[in-house]
Amino acid sequence: MVSLVDTNILVYRYDPRFPDKQQKAAAVLRKGIEERSIRVPHQAIIEFVAVVTRPMGKHAPLLSVVEARREVEEMLLTFDVIYPSEAVIRLALHGATTYQLSWFDAHLWAYAEHYGLSEILSEDFQDGCVYGTVRVRNPLT
């Protein structure tokens, strides 16, 4: 099964504040690489850089800008990255209305629905929920 991975899975891989989630995220990504079963939406890469390079209160960011750039370069080489199109954006508008999803979640769902991916890996949706033909699974629980 090919799955779409959400930003939070990518970020937890680098977040030592949550060691259990970090370990699970690393395992999910490692398995996805081995099986070539993960797709990364363009949106998740943009969000990843924003999140990991933002200072966390009094603490330094998870990654420096240089480290984040290096990780994104690695993601681009390692994963199949999917990009938005007019059809994906129109489908996201439909998903936001139909399923009452936030714009970002609707966009993520639209990628999966449009590209025929049966699963989204995320902790941001309700685990096990089905939207259209796409099921959401939280691999961090």
- Message: The test is side-chain contact (heavy atoms from CB on, under 4.5 Å); show your working for Tyr115 and Arg39 and say whether it passes.
- Response: CA-CA 10 Å; Tyr115 289 101; Arg39 302 296 178 268; over 6 Å; no

I want to check something: taking the side chain as every heavy atom from C-beta on, are [X] and [Y] in contact at a cut-off of under 4.5 Å?
{"X": "Pro84", "Y": "His107", "answer": "yes"}
{"X": "Glu123", "Y": "Thr141", "answer": "no"}
{"X": "Asp105", "Y": "Ile120", "answer": "no"}
{"X": "Lys24", "Y": "Lys21", "answer": "no"}
{"X": "Leu10", "Y": "Leu29", "answer": "yes"}

- Message: Could you go through Tyr14 and Glu67, starting from their C-alpha distance and side-chain angles, then the distance that decides it, and tell me whether this counts as side chain to side chain donor-acceptor pair (under 3.5 Å)?
- Response: CA-CA 11 Å; Tyr14 299 92; Glu67 292 167 325; over 6 Å; no

- Query: What do you reckon, is CD of Glu35 surrounded by more than 12 foreign heavy atoms closer than 6.0 Å?
  - Reply: yes

- Heavy atoms of other groups near Phe104 CZ, more than 12 under 6.0 Å: no

- Aromatic rings Trp109 and His94: how do their planes relate, parallel, tilted or perpendicular, breaks at 30° and 60°?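 Trp109 vs His94 ring planes: tilted.
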
- Aromatic plane relationship, Tyr12 with Phe18 - under 30° parallel, 30 to 60° tilted, over 60° perpendicular: perpendicular

- Query: Mind checking whether Leu4 and Met75 sit in one hydrophobic cluster, side chains of I, L, V, M, F, W, Y counted as touching below 4.5 Å?
  - Reply: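 No, Leu4 does not connect to Met75 through the hydrophobic network.
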
- Query: Are Val40 and Leu62 joined in one hydrophobic group, where the rule is that I, L, V, M, F, W and Y side chains link up if heavy atoms are under 4.5 Å apart?
  - Reply: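 Cluster IDs for Val40 and Leu62 match.
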
- Query: Please walk me through it: do Met56 and Arg17 pass side-chain contact (heavy atoms from CB on, under 4.5 Å)?
  - Reply: CA-CA 11 Å; Met56 301 179 310; Arg17 296 173 302 162; 3.6 Å; yes

- Please step through side-chain contact (heavy atoms from CB on, under 4.5 Å) for the pair Gln126 and Val136, ending with a clear verdict. CA-CA 7 Å; Gln126 184 177 352; Val136 177; over 6 Å; no

